[in-house]
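This report refers to the structure that appears directly beneath it.
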Amino acid sequence: MTTKTNPPGTELAPQYEATAIEAPLYADWVARGLFTPDPASTARPYVIVIPPPNVTAVLHMGQGLNNVLQDVMIRFERMRGRTTLWLPGTDHAGIATQNVMERQLAKEGLTRFDVGREAFVRRCERFVAETGGTILEQLKSLGCSCDWTRTRYTLSPELSRAVREVFVRLWEEGLVYRGHRVIHWCPRCHTSLSDEEAEHSDVDGTLYHIRYLLADGGGHVTVATTRPETMLGDVAVAVNPDDASKRSLVGREVMLPIAEIRIPIIADEHVDAAFGSGFVKITPAHDADDFAVGQRHQLPAPLVMTEDGRMADASLEGAAGGRVPAPYFGLDRFEARKQVLALLKERGLLEKTEPHRHAIRHCYRCATVVEPRLSDQWFVKMQPLAEPALAAYRAGELRFIPERRGTDFERWLLNIRDWNISRQLWWGHRIPVWYCDACGTSQAYREDPKACPTCGGALRQDEDVLDTWFSSWLWPFSTLGWPERTPDLTRFYPGDVIVTAPEILFFWVARMIFAGLHFMDRLPFHTVYLHGTVRDTQHRKMSKSLGNGIDPLDVVRRYGADALRFTVTHGLAVGTDIVLDPADLEGSFASGRNFANKLWNVGRLVLQHVEGRALPALAKIPEGDLALADRWILSRLRACAGDATAALEAFRLNDAVGAPYHFLWDDFADWYLEAIKPRLFGEADAPGGDVARAVAVHGFDAVLRLLHPTMPYITETLWRRLPGNDGATIVTAPWPDARAGRLDAGVEREFAFAQAIVNAVRAARADYGVPPGRTVAVSLAGLDEDGRRAVDATRAMIVRLARIEQLDEAPPAGAGAHAVLPGRASLFVALGGAIDVTKECARLGEELARLEKLLAGLRAKLANASFTSRAPAEVVEGERAKEQEWSAKAAALSAKLKALGCA
RNA sequence: GGGCGAAUAGCUCAGCUGGUCCAGAGCGCCUGCCUUACACGCAGGAUGUCGGGGGUUCGAAUCCCUCUUCGCCCACCA
């Protein structure tokens with residue numbers, strides 16, 4: 001199906017209606033297979049893999065921005081002739097999806113344990129099948145040119161196979177191991193988390209100074225802690241070995257204040273004598289540092305909390321029986337804290353409290369305070385994976401945009417710690433390790449085993465699933481068919497750029513780099529583009545919970561995808577955040593909507609004059625047939641194409657769209673089209689209509705192509721109607737050659753002179769309130785050769801745009817307004833009786849004062865020997881020329897003031 | 001505690017290796033216009049001691065130091 005949305009001859013409405021155009025156009029692009037790389041193409045590939053959104057997600061503004069940026073890059077490279085692949089897909093999102101399901105169950109009054117593992121997983125699968133992937137559909141309405149024939153999903157059989165292969169390989173290489181240590185535990189999600197998933201945030205807490213009585217009597221020591229409830233898990237109190245005042249206590253014992261438990265006082269370097277009280281309680285099972293201390297001193301590590309963050313009763317595995325007194329059984333940890341404190345107070349053991357602001361970790365999925373917890377988890381050894389990444393970065397093989405993000409990456413690599421990859425969830429890739437209880441062995445398997453290969457005994461699979469990110473880190477090659485050596489893998493790995501938010505630099509980007517180097521021996525991409533965050537006017541990150549989000553689809557419905565795309569692209573400088581006002585959608589997206597409409601109307605005007613006409617090719621037009629305005633706009637176009645291309649290559653997308661924006665609006669519409677209207681309309685005294693049409697089409701065609709990556713729909717719609725484009729698509733039209741055409745400084749200067757005349761007359765007219773309909777007489781003075789040539793070449797335009805009845809070089813006569821022009825020229829607008837002498841005196845006086853102030857500074861500078869001797873000769877020369885020009889102007893102004901009889 | 005970024009017009013921000021882009025853009029505001037594509041427009045206009053203070057330099061919004069205020073990242077001081 002290749003229907004044209006706007007067949008030639010159809011009247012274009014004066015207002016651009018995005019919604020009517022977008023959906024059918026997108027369908028047409030897909031039907032034509034434009035987003036699927038041509039298997040026969042030999043062009044160099046350009047590949048981006050999408051940061052896979054959560055399969056259950058709905059599009060928010062941040063993702064809107066993220067995907068628009070990728071689409072701009074992909075469309076740019078597609079037009080440059082690369083074989084582009086933008087590979088889309090979704091992430092099964094272990095914790096997030098499981099949470100959604102659990103909430104659903106909760107509505108039915110059930111927990112996942114009520115329904116059981118299998119049924120729960122089936123439910124998740126059904127849910128994903130029914131509602132998942134919505135976000136991909138939403139990307140289509142943004143115009144994203146993903147290759148939908150290659151859509152992937154991290155929990156699909158193919159990608160699951162890659163995950164399993166990787167796990168087994170790491171197992172074989174000894175890079176994955178079972179570790180018994182304190183990890184971050186989310187009591188609400190009921191799972192362990194990696195270091196990255198437990199986010200720091202500052203909290204106003206309290207430092208409690210608590211007395212632990214010496215077991216043999218004779219006083220107490222004071223322990224400072226922020227977590228009194230964990231004291232039931234204390235196995236020692238530690239002091240710094242160099243702390244002279246406390247050293248003598250080492251070896252003695254204290255009693256836990258709320259239980260009949262004796263614990264020793266030990267000495268350990270870990271303790272900072274200057275902090276708190278100098279005594280630290282050691283709770284190995286609920287604090288990673290304390291665990292290390294406990295190991296050094298061979299102390300036990302009793303758990304005193306359950307997996308859901310309640311105080312354990314004696315039945316809890318690992319809890320030294322009877323540690324938690326009965327009144328605390330089952331109490332939530334924060335409630336337990338209150339009660340412990342109350343009891344301490346009652347017993348007079350709470351010495352003092354002081355406010356203490358400190359960072360505590362929260363679950364990145366549900367914001368629950370994370371509980372450090374001793375447990376058995378699977379870990380990946382990261383050091384061996386990080387080293388090649390560091391080497392590649394230092395060798396300059398990886399480019400970060402903005403550059404400074406590279407140092408974040410480097411620092412993280414240097415402080416890398418092993419990655420906890422096991423999650424106590426049900427939704428995800430189950431860990432492919434089987435245990436044999438009979439012979440006590442365990443083994444990772446590529447295929448599900450039937451029986452223990454050693455003893456033939458029954459096997460039991462590990463209950464845990466893998467961290468979601470354990471599948472994401474393989475995304476750049478698992479999506480291409482790895483571990484098979486598929487044609488896609490050969491052709492499209494490695495990719496080029498990864499475009500994402502800085503928040504997931506460590507979660508995802510860094511680990512993809514590790515995996516790419518380790519399993520594919522090549523970096524997965526050469527450039528990491530990290531864009532800013534979408535914020536509201538209070539600079540808060542847009543989020544569902546704050547209710548300050550903007551629904552991108554709402555914006556698309558109101559103003560069109562192109563308006564959204566333009567606004568976010570144009571508003572986003574490298575490395576900065578973008579601020580949008582959720583309370584003022586119109587204000588936020590007006591610039592995009594307005595520009596789309598402007599483009600539309602420029603298109604209407606151009607098409608009105610060129611549609612259905614046979615026009616000469618620009619290259620065939622003799623140079624001499626081109627008017628000054630023609631040569632000017634071609635020169636401007638060439639500059640614009642150069643700027644836009646350079647900006648895109650440097651990932652300065654705001655400049656990349658800013659260049660054609662200003663070209664189209666400020667140069668093409670405001671000046672060029674106005675200049676050639678008489679020729680377009682075939683007025684008798686305006687020859688060269690077809691030349692003007694040819695240049696106009698050429699310029700418009702080029703600017704449409706320059707804008708296409710950002711505004712795909714409107715550019716396609718208009719471009720298809722240009723002569724000769726019948727049945728073609730701008731999607732694969734060649735990117736304008738930045739070296740084609742000529743940059744002509746002389747032409748630009750001459751045209752600028754004509755513009756200055758028009759501007760000066762317009763300003764004078766506005767100043768004196770000359771009615772728009774009335775024409776005025778204007779005389780010029782002090783024209784040099786170039787100036788005169790410029791005026792001759794653009795006389796018709798000047799007269800038309802400034803509404804001049806007569807333009808000459810006659811001496812000023814009668815009352816009128818004076819204005820200065822570039823060079824030494826000036827002009828005079830005859831205003832007859834309309835002139836207000838007082839006003840004109842004031843105006844010219846101000847102008848003179850301004851000029852003289854500048855001149856004074858300039859002269860001082862030129863009189864300064866250190867300037868003239870030290871500054872580069874061309875700078876000095878430029879300043880001299882400027883001084884002469886301004887002096888002449890000042891003199892002319894003074895003369896005029898005198899002539900007017902001003903004070 | 002360490003590291004980094006930002007502070008420019010009422011708002012959101014450009015301003016790349018210091019000099020003719022020492023003040024710009026969009027939105028908003030004011031004035032006048034429905035001028036044969038566009039009132040989502042045209043023309044004209046106002047508004048800023050470029051966060052404060054020091055310094056380097058012939059010359060700084062642009063480099064250095066310092067202070068203030070925001071923001072981000074990292075971090076085992078309980």
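Per chain, numbering begins at 1; letters A, B, ... match sequence-line order.
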*Could you tell me whether Ala238(A) contacts a base, only the sugar-phosphate backbone, or nothing, with contacts defined as non-hydrogen atoms closer than 4.0 Å?*
nothing

*Write down the distance between CZ (Arg404(A)) and P (rC72(B)), rounded to a whole number of angstrom.*
14 Å

*Rounded to the nearest angstrom, tell me the gap between atom CZ in Arg535(A) and atom C1' in rC70(B).*
11 Å

*Across the strands shown, which category fits Arg593(A) at heavy-atom distances under 4.0 angstrom: base, sugar-phosphate, nothing?*
base

*Answer with yes or no whether the side chains of Arg361(A) and His200(A) bring together a donor and an acceptor at under 3.5 Å.*
yes

_Quick check against the 3.5 Å criterion: does Asn548(A) have a side-chain atom that pairs as donor or acceptor with the backbone of Asp536(A)?_
no

*Nearest to the side chain of Arg417(A), which nucleotide is it out of rA37(B), rG45(B), rC76(B)?*
rC76(B)

*Have a look at Ala573(A) and say if it touches a base, only the backbone sugar-phosphate, or nothing, with a 4.0 Å heavy-atom cut-off.*
sugar-phosphate

*Arg405(A) near the nucleic acid: base, sugar-phosphate alone, or nothing, with a heavy-atom cut-off under 4.0 Å?*
nothing

*If you look at every strand shown and take non-hydrogen atoms under 4.0 Å, does Phe566(A) touch a base, only sugar-phosphate, or nothing?*
nothing

*Across the strands shown, which category fits Asp272(A) at heavy-atom distances under 4.0 angstrom: base, sugar-phosphate, nothing?*
base

*Asn594(A) side chain near rC27(B) phosphate (N/O to OP1/OP2, under 4.0 Å)*: yes

*asked:* If we ignore hydrogens and angles and just use 3.5 Å, is the side chain of Asn759(A) paired with the main-chain N or O of Gln755(A) as donor and acceptor?
replied: yes

*When all nucleic acid strands are considered with a 4.0 Å heavy-atom cut-off, which category describes Ala359(A): base, sugar-phosphate, or nothing?*
base

*Electrostatic pair Lys677(A)-Glu683(A), nearest N-O below 4.0 angstrom*: no

_5' priority, RNA chain B, between Asp202(A) and Asp287(A) [closest heavy atom]_ = Asp202(A)

*May I ask you to check whether Phe566(A) and Phe589(A) place their ring centers less than 6.0 Å from one another?*
no

*Scan Tyr661(A) against the nucleic acid and name what it touches under 4.0 Å (heavy atoms): base, sugar-phosphate only, or nothing.*
sugar-phosphate

*Where are the stems of RNA chain B, defined as at least 3 consecutive Watson-Crick or wobble G-U pairs with both distances under 3.5 Å?*
B:1-7 with B:68-74, B:10-13 with B:24-27, B:29-33 with B:41-45, B:51-55 with B:63-67

_Can you identify which nucleotide, out of rG41(B), rA25(B), rA78(B), has its nearest atom closest to the Trp665(A) side chain?_
rG41(B)

*With a 3.5 Å cut-off and no angle check, do the side chains of Asp195(A) and His184(A) form a donor-acceptor pair?*
yes

*For the pair made of CG in Asp666(A) and C1' in rG41(B), what is the distance, rounded to whole Å?*
14 Å

*asked:* What I want to check is whether the side chains of Glu354(A) and His209(A) have a donor and an acceptor closer together than 3.5 Å.
replied: yes

*asked:* Over all strands shown, is Arg357(A) touching base, sugar-phosphate only, or nothing at heavy-atom distances under 4.0 angstrom?
replied: nothing

_From C-beta outward on His356(A), which listed nucleotide comes closest to its side chain: rU36(B), rA14(B), rA78(B)?_
rA78(B)

*Looking at rU31(B), does its base get a donor-acceptor pair with the side chain of Arg762(A) below 3.5 Å?*
no

_Determine whether a donor-acceptor pair (one donor, one acceptor, N or O, separation below 3.5 Å) exists between the side chain of Glu674(A) and the base of rA37(B)._
yes

*Looking at every strand, decide which applies to Asp670(A) at a 4.0 Å heavy-atom threshold: base, sugar-phosphate, or nothing.*
sugar-phosphate

_For a quick check of understanding: with a heavy-atom distance under 4.0 Å over all strands, which category does Gln608(A) fall into, base, sugar-phosphate or nothing?_
sugar-phosphate

*Go through rA75(B), rA78(B), rA37(B) for me and flag the one nearest to the Thr226(A) side chain.*
rA78(B)

_Span that lies between the C1' atom of rC76(B) and that of rU68(B), in whole angstrom_ = 32 Å

*Given the rule in the salt bridge (Lys or Arg N to Asp or Glu O under 4.0 Å) test, do Glu503(A) and Lys541(A) qualify, once you have shown the distances and angles that lead to the verdict?*
CA-CA 12 Å; Glu503(A) 294 97 278; Lys541(A) 193 168 163 175; 3.0 Å; yes

*Select base, sugar-phosphate, or nothing to describe what Lys281(A) touches, counting heavy atoms under 4.0 Å on all strands.*
nothing

*Of Val579(A) and Ser588(A), whose closest RNA chain B nucleotide lies nearer the 5' terminus?*
Val579(A)

*Integer angstrom distance from the P of rG24(B) to that of rG45(B)*: 12 Å

*asked:* Quick check for you: among rA75(B), rG41(B), rC42(B), whose closest atom lies nearest to any side-chain atom of His200(A)?
replied: rA75(B)

*asked:* Any base atoms under 4.0 Å from Asp584(A), or only sugar-phosphate, or nothing? Heavy atoms, all strands.
replied: nothing

*Do NZ/NE/NH1/NH2 and the carboxylate oxygens of Glu229(A) and Arg227(A) come within less than 4.0 Å?*
yes

*What is the distance from CZ of Arg652(A) to C1' of rA14(B), rounded to the nearest Å?*
11 Å

*Pairwise P distance for rA43(B) and rC34(B), with rounding to whole Å*: 15 Å

*May I ask you to say what Thr283(A) touches in the nucleic acid, namely base, sugar-phosphate or nothing, with a heavy-atom cut-off under 4.0 Å?*
nothing

